[in-house]
Amino acid sequence: MVGGSVKVNEPLRDHTTLQIGGPVDVMVFPARPDDLVRVVRWCLDRRVPYSFLGFGSNVLAPDEGLEGVLLRTKPALDFIRFEGTRVVVGTGASVARLVAQAAARGLEGVEGLAGVPGSVGGALVMNAGTRMGEIGRSVVWVDLIDEAGRTRRLEAPELEYAYRSSRLQREPRWLVLQAELRLVPGDPSAIRRRVDEALQYRNRTQPLHLPSAGSVFKNPPGHAAGRLIEEAGCKGLRRGGAQVSEQHANWIVNTGGATAEDVLGLMIEARRRWLRRSGIAREPAIRLLGPLRERWRRATAATA
Ligand SMILES: Cc1cc2nc3c(=O)[nH]c(=O)nc-3n(C[C@H](O)[C@H](O)[C@H](O)COP(=O)(O)OP(=O)(O)OC[C@H]3O[C@@H](n4cnc5c(N)ncnc54)[C@H](O)[C@@H]3O)c2cc1C
């Protein structure tokens, strides 16, 4: 018996911030950590394909949907426990709540994540952050279930954190359960001010009024991807319901009824134009799910 809820043929567009994606065969919302682990082991025993979703704020999901089981980390792993300057946080907790609780305790280290709309799990995998800092710098260890269903603890150096990158991204069968972060005591009012400034900056510079998945491409070293895309004449470019944002050229927004093919097509076109202009190739910051990854690879292989 597994506690929680199950949905069959569940539209991914209802679970992604881009509001795009066809149905997944089965979506499971386990109630407790044990339930989550049991579902992973059940899938492994029966060779059923499975994958994970946090809050869906960094993914492009295919129009035809996904096969197999998609596991949500909330509610099972939605917890935050402070112990002095350390915090053990479940991967189903929201980054916003973590940032707010750390600020309220006068603890520095995660305020750079203010305004990131994802789960802690997504942040740990993507090494989410801003110019003010990224989560990987605060990680002490993570606990996960590996591809054989074993529980493992990896220390920070084993996670190979780098700009928007981690070893966790290269291990799609690993389910991250929880992490310990080390924070630093600071001045509560200064931390709150930095959080407020970060949120105001976002409101001024990002198209938050439309569905998106945040920045689409990683910044090449020494460059801003948004600037390169703008200089290549892509700002405002449209395909179906998808558009390269007029406000921030590294964001693709869903202006209504956009499909995954629309977004992928825009990504391929933007990359083609800026590569021709600047010669700088860069990989996506968003995760392309299911067959989209292979379509992107094929479309860009000749100029990788
Ligand atoms: C408006 C907006 C602003 C944004 N601003 C920023 C920003 O400033 N900086 C930034 O870095 N990002 C930003 N993002 C992108 C996104 O919010 C972050 O990458 C976030 O950390 C993703 O978390 P998530 O829970 O939504 O992950 P999801 O999109 O659900 O998942 C992302 C990937 O992580 C995997 N995953 C999730 N949880 C687990 C787990 N527990 N175990 C194993 N794998 C897991 C998924 O399988 C998927 O491959 C923004 C997005 C939006 C929409």
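Quick note: numbers below take in every heavy atom, side chains included, and nothing from hydrogens, waters or symmetry partners. Just so it is clear, the model here is predicted, and its values are computed rather than measured. Order of appearance sets the numbers: ligands from 1, and atoms from 1 within every ligand. Just so you know, residue 1 is the first one in the sequence shown, and it goes up from there.
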| Who gets closest to atom 39 (C) of ligand 1 by heavy atom: G121, A76, G56? | G121

| task | Give, for atom CG of L124 and atom CG of L177, the distance between the pair rounded to the nearest 0.5 Å. | result | 11.0 Å

| said: Show the atoms of ligand 1 that are less than 4.0 angstrom away from any heavy atom in S119. | reply: 23 (O), 24 (P), 25 (O)

| task | With side-chain hydrogen bond (donor to acceptor under 3.5 Å, both in side chains) as the test, would you mind laying out the steps for W251 and Q206 before giving the verdict? | result | CA-CA 8 Å; W251 289 42; Q206 299 177 347; 5.5 Å; no

| query | At a 4.0 Å cut-off, with the gap strictly under it, does some heavy atom of R164 reach an atom of ligand 1? | reply | yes

| request: Report the nearest protein non-hydrogen atom to atom 31 (O) of ligand 1: residue, atom name, distance rounded to 0.1 Å. | output: V59 CG1, 3.9 Å

| request: Around atom 17 (O) of ligand 1, find the nearest protein heavy atom and jot down its residue, atom name and distance. | output: S57 OG, 2.7 Å

| task | Fit a plane to each ring of W296 and F217, take the angle between them on a 0 to 90° scale, and name the class: parallel (under 30°), tilted (30 to 60°) or perpendicular (over 60°). | result | tilted

| Ligand-residue contact atoms, ligand 1 with L53, heavy atoms, under 4.0 Å | 30 (O)

| field | Atoms of ligand 1 close to W251 [distance to a heavy atom under 4.0 angstrom, numbered from 1] | value | 1 (C), 2 (C), 3 (C)

| Which residue supplies the protein heavy atom nearest to atom 49 (O) of ligand 1, what is that atom called, and how far is it? | R287 NH1, 3.3 Å

| request: Measure V176 to ligand 1 on non-hydrogen atoms and call it side chain, backbone, both or neither using the 4.0 Å cut-off. | output: both

| In the protein, what heavy atom is nearest to atom 18 (C) of ligand 1, and what distance, to one decimal place, separates them? | V116 CG1, 3.9 Å

| query | Counting only heavy atoms not in E67, do more than 12 fall under 6.0 Å of its CD? | reply | no

| Closest protein heavy atom (residue, atom, distance) for atom 45 (C) of ligand 1 | V125 CG2, 3.6 Å

| request: Mark yes or no for whether K218, through its side chain, and R164, through its backbone, hold a donor-acceptor pair below 3.5 Å. | output: yes

| Structural part of N127 in contact with ligand 1, heavy atom criterion under 4.0 angstrom | neither

| message | Could you tell me if R137 sits above the aromatic ring of Y161, with its cationic atom closer than 6.0 Å to the ring centre and no more than 45 degrees from the axis? | response | no

| message | Taking 4.0 angstrom as the limit and counting only heavy atoms of T17, give me the atoms of ligand 1 inside it, by number and element. | response | 53 (C)

| request: Under 4.0 Å from a heavy atom of F55: give me the atoms of ligand 1 that qualify, with their elements. | output: 24 (P), 25 (O), 26 (O), 30 (O)

| query | Under a 4.5 Å side-chain heavy-atom rule over Ile, Leu, Val, Met, Phe, Trp and Tyr, are L175 and V6 clustered together? | reply | yes

| Looking at ligand 1, does any of its N/O atoms fall within less than 3.5 Å of an N/O of L175? | no

| remark: Looking at G118, A198, P211, A123, the heavy atom closest to atom 21 (O) of ligand 1 belongs to A123

| task | Among all protein heavy atoms, pick the one closest to atom 27 (O) of ligand 1 and tell me residue, atom and distance. | result | G122 CA, 3.5 Å

| message | Using a 4.0 Å cut-off to any heavy atom of F52, which atoms of ligand 1 qualify? | response | 43 (C), 44 (N), 46 (C), 47 (O)

| query | Please state which protein non-hydrogen atom is closest to atom 5 (N) of ligand 1 and give its distance, to 0.1 Å? | reply | R202 NH1, 3.2 Å

| request: Check the pair H15 / R72 against side-chain hydrogen bond (donor to acceptor under 3.5 Å, both in side chains), numbers first and verdict last. | output: CA-CA 10 Å; H15 300 276; R72 298 296 302 263; 2.9 Å; yes

| message | If the cut-off is 4.0 Å to any non-hydrogen atom of T130, which atoms of ligand 1 fall inside it? | response | 8 (O)

| request: With heavy atoms under 4.0 Å as the rule, classify the contact between P172 and ligand 1 as side chain, backbone, both or neither. | output: neither

| query | Is L18 reachable from L210 through a run of hydrophobic residues whose side-chain heavy atoms are each under 4.5 Å from the next? | reply | no

| said: Considering both backbone and side-chain atoms of G129, is one of its nitrogen or oxygen atoms within less than 3.5 Å of a nitrogen or oxygen in ligand 1? | reply: yes

| Cation over ring face, R173 and F52, 6.0 Å, 45° | no

| request: Using a strict cut-off of 4.0 Å, indicate which atoms of ligand 1 neighbour a heavy atom of W174. | output: 42 (N), 43 (C)

| said: Would R86 pass as a cation-pi partner of F82, given that its NZ or CZ must be under 6.0 Å from the six-membered ring centre and within 45 degrees of the axis? | reply: no

| Counting heavy atoms only, which of A128, P117, S215 is nearest atom 50 (C) of ligand 1? | P117

| field | R46, CZ: over 12 other non-hydrogen atoms inside 6.0 angstrom | value | yes

| message | When you measure from the heavy atoms of S212 to every atom of ligand 1, does any distance fall below 4.0 Å? | response | yes

| field | Over all atoms of both residues, closest heavy-atom pair of L154 and L144 | value | CD1-CD2, 4.1 Å

| field | D35 side chain vs R32 backbone, donor-acceptor pair below 3.5 Å | value | yes

| field | side-chain hydrogen bond (donor to acceptor under 3.5 Å, both in side chains) assessment of N254 paired with Q19 | value | CA-CA 8 Å; N254 181 355; Q19 297 176 13; 5.1 Å; no

| Minimum non-hydrogen distance to atom 15 (C) of ligand 1, winning option of N58, L71, V216 | N58

